Amino acid sequence: MALTFDQARGCVLQHARRGTETEPVLLADAAGRVLAEPVAADRDYPPFDRSARDGFAVRAADLPGELRVIGEVRAGEVFQGLLNSGDAIEIMTGAPLPSCADAVVMVEHTTCSGDRVRIDNALQPGDNFAPQGSEARAGDTVLAPGRRLGFAEIALLAMTGRECIQVYRKPRVAILPTGDEIVEAGELPQAFQIRNSNAWSLAAQVARAGGIPEIQPIARDNFESTRAAIERGLDSDLLLLSGGVSAGKYDIVEKVLADLGAEFFFDRVKIQPGQPLVFGSARGKQFFGLPGNPASTMVTFEIFARAAVELLSGATEAPLPMLRARLVEDFRHKPGLTRFLPARLSADGSTVTPESWRGSGDVPALTRANAFLVADPDRETWSAGDDIRVLLK
Ligand code: AMP
Ligand code: MG
């Protein structure tokens, strides 16, 4: 039975496994990896009451008024003295607040003459500085395992002095192209042959999802060749097949998998492109049989297999965020399937234009697109100006 897009997505998330093996990496190599240990704050953050402005440290109760400037404190210094009522200390952004001061007034709001400073507006205690420990307390867990390390997480690791951390091992993902008509990208095809582009688009997608792509030699559309190739592919952590899952006489991937004792979680999804999509498990490994049309392969990886690679990479979450944008022109499709169609999202993400294309084999159209328009299965027409869902490419 064919699953809806949401059912199939739920099925992938339910069955996909999370990676468990870990390895150490240096901070310089950590971007994009998935953290495998909790990271704790080594001290309070900020470690002292930190001025957020260039200006004057004061007692808020003294304002408005004219104060005596008794010194200055720069970032990287500590003011050794007390601030009494009626005093101000010139302070720079990032410098520690002197004791007894309870606010910072911005230099823009002051008038100086000699050692006097005039401040016409009132301040509340706590204004313009970040109190010690207000961002994190020493010992607090600031990053949990399973988090993919983006630039902010890298900053947090550097901030807490973690030059070496444990991350999850990247999963090895076998990519197995199938088809009698397919030749390698470096070969000169005969008129009726097609160069293998799917293995390369998949390799790029696998790497982006945090896996190590392992491109296998092309399997031919016969039982022996496909069976040997699938057995080899099942040595990796995950197997992605391209082609051979449609209804044609020589589409034998499912038969071979069944012969290897595979369990199928689904083998048809109500989507386009990519309807005859297969997801299952054999010999303790999971596999996806992705339909061979280039757009089908790319789309089904993005919306399903990518989640499996991300979770195998140790990530606790595999989100598939979609945004909504205003259609620039009328749009219609035949209801019943969720369609993912090449589209151009405007630079600010507010409007979307369907890209003209000639169907699932049209790779040039996919390069012109920067997004996929997502047409819901229970709606037929959209007018220019209507909102529609969009998946980023
Ligand atoms: P299939 O899913 O095997 O029926 O293939 C569907 C279409 O995708 C056919 O036109 C194939 O030639 C094409 N195709 C299959 N595999 C690849 C590949 N690795 N690279 C490019 N096109 C492919
Ligand atoms: Mg084929």
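Here the structure is a predicted model, which is why all the values come from computation and not from measurement.
- A salt bridge does not link Lys170 with Glu21: every distance from a Lys NZ or Arg NE/NH1/NH2 to an Asp or Glu carboxylate oxygen is 4.0 Å or more.
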Note to self: One pair to check against side chain to side chain contact (heavy atoms under 4.5 Å, CB included): Ile175 and Leu239. What are the steps and the verdict?
What the structure shows: CA-CA 6 Å; Ile175 296 172; Leu239 169 62; over 6 Å; no
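- Among all heavy-atom pairs drawn from Ala130 and Ser134, the shortest one is C-OG, 4.0 Å.
- In this structure, the side chains of Leu240 and Leu238 come closer than 4.5 Å at one or more pairs of heavy atoms.
- The CG atom of Asp115 sits 10.0 Å away from the CG atom of Asp87 when rounded to the nearest 0.5 Å.
- Salt bridge absent: Arg17 and Asp237 never bring a charged side-chain N and a carboxylate O closer than 4.0 Å.
- A side-chain donor from one of Ser236 and Glu214 sits under 3.5 Å from a side-chain acceptor of the other.
- Remark: the Gln205 side chain and the Arg306 side chain contain no N/O donor-acceptor pair separated by less than 3.5 Å.
- Residues Val256 and Glu231 are not in side-chain contact: their nearest non-hydrogen atoms beyond the backbone lie 4.5 Å or more apart.
- A donor-acceptor contact under 3.5 angstrom links the side chains of Gln166 and Thr22, judged on distance only.
- Here Glu317 does not pair with Arg18 in a salt bridge; the nearest charged N to carboxylate O distance is not below 4.0 Å.
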Check: Under the side-chain hydrogen bond (donor to acceptor under 3.5 Å, both in side chains) criterion, do Thr160 and Asp42 qualify, and how do the steps go?
Finding: CA-CA 6 Å; Thr160 52; Asp42 59 318; 5.2 Å; no
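- Under 4.0 Å is where a charged nitrogen must lie from a carboxylate oxygen, and between Asp251 and Lys249 no such pair does.
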Notebook entry, point to check: Can Glu302 and Arg208 be said to form a salt bridge (charged side-chain N to carboxylate O under 4.0 Å, His left out), step by step?
Noted result: CA-CA 10 Å; Glu302 271 319 277; Arg208 190 167 81 161; 3.1 Å; yes
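- A salt bridge links Arg116 with Glu66: the closest approach of a Lys/Arg side-chain nitrogen to an acidic carboxylate oxygen falls below 4.0 angstrom.
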Next item on the list: Assess whether side chain to side chain contact (heavy atoms under 4.5 Å, CB included) is satisfied between Leu97 and Phe79, documenting all intermediate values.
Entry: CA-CA 8 Å; Leu97 199 72; Phe79 185 79; over 6 Å; no
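- Annotation: side chain of Phe266 is in contact with side chain of Val12 (closest heavy-atom distance under 4.5 Å).
- When the side chains of ILVMFWY residues are joined at heavy-atom separations under 4.5 Å, either directly or via intervening members, Leu27 and Tyr45 end up in a single hydrophobic cluster.
- Under the 4.5 Å side-chain heavy-atom criterion for Ile, Leu, Val, Met, Phe, Trp and Tyr, Leu35 and Ile154 are members of the same hydrophobic cluster.
- By the criterion of side-chain heavy atoms lying less than 4.5 angstrom apart, applied directly or through intervening Ile, Leu, Val, Met, Phe, Trp or Tyr residues, Leu241 is not grouped with Phe288; the two fall into different hydrophobic clusters.
- Ion pairing of Glu153 with Arg147 is present here, as a side-chain N (NZ or NE/NH1/NH2) and a carboxylate O approach within less than 4.0 Å.
- Tyr250 and Ile230 end up in different hydrophobic clusters when Ile, Leu, Val, Met, Phe, Trp and Tyr side chains are linked at under 4.5 Å.
- In this structure, Pro38 and Leu143 have side chains that are not in contact, with every pair of non-hydrogen atoms separated by 4.5 Å or more.
- Ion pairing between Arg59 and Asp102 fails under the 4.0 Å rule for side-chain N and carboxylate O.
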Next item on the list: Assess whether side-chain hydrogen bond (donor to acceptor under 3.5 Å, both in side chains) is satisfied between Gln132 and Asp44, documenting all intermediate values.
Entry: CA-CA 6 Å; Gln132 176 173 345; Asp44 286 346; 3.0 Å; yes
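- Pairing each heavy atom of Gly385 with each of Arg326, the nearest pair is O-CG, 3.0 Å.
- With sequence neighbours excluded, no residue forms a side chain to side chain donor-acceptor pair (under 3.5 Å) with Ser360.
- A distance of 5.5 Å separates CZ of Phe279 from CZ of Phe265, quoted to the nearest 0.5 Å.
- To the nearest 0.5 Å, the span separating CG on Leu373 from CE on Met322 amounts to 11.0 Å.
- Val328 approaches Ala384 most closely through the heavy-atom pair O-CB, 3.6 Å.
- Distance alone, capped at 3.5 Å, places no donor-acceptor pair between the Lys270 side chain and the Phe5 backbone.
- Contact of the His15 side chain with the Gln286 side chain is registered, since non-hydrogen atoms from C-beta on lie closer than 4.5 Å.
- Smallest separation of non-hydrogen atoms from Pro273 and Thr300: O-CG2, 4.3 Å.
- Within the model, atoms CD of Glu254 and CG of Asp267 stand 4.5 Å from one another, a figure rounded to the nearest 0.5 Å.
- Contact check for Phe56 versus Ile89: no side-chain heavy atoms found under the 4.5 Å cut-off.
- Side chain of Arg137 to backbone of Ala41: no donor-acceptor contact under 3.5 angstrom is found.
- With rounding to the nearest 0.5 Å, the separation of CG in Leu391 from CG in Leu345 is 10.5 Å.
- Between Glu23 and Arg33, the closest heavy-atom pair is OE2-NH2, 2.9 Å.
- Using a cutoff of 4.0 Å between basic side-chain nitrogens and carboxylate oxygens, Arg379 and Asp386 are scored as salt-bridged.
- In this structure, Ala60 and Ala103 approach most closely via the heavy-atom pair CB-CB, 4.3 Å.
- Between the side chains of Ser383 and Asp330, no donor-acceptor pair is found at a separation under 3.5 Å.
- Ion pairing between a basic and an acidic side chain is recognised when a charged N comes within 4.0 Å of a carboxylate O; Asp376 and Arg389 show such pairing.
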Next item on the list: Mind running side-chain hydrogen bond (donor to acceptor under 3.5 Å, both in side chains) on Ser346 and Asp348 for me, showing each step along the way?
Entry: CA-CA 5 Å; Ser346 60; Asp348 66 0; 2.8 Å; yes
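- A continuous path of ILVMFWY side-chain contacts below 4.5 Å connects Leu260 to Phe264, so both sit in one hydrophobic cluster.
- Glu355 has no carboxylate O lying under 4.0 Å from a charged side-chain N of Arg344, or vice versa, which leaves the two without a salt bridge.
- From Tyr168, atom OH reaches atom CD of Glu37 across 10.0 Å, with rounding to the nearest 0.5 Å.
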Item checked: side chain to side chain contact (heavy atoms under 4.5 Å, CB included) between Gln275 and Leu337, worked out -> CA-CA 9 Å; Gln275 225 176 137; Leu337 303 177; 3.7 Å; yes
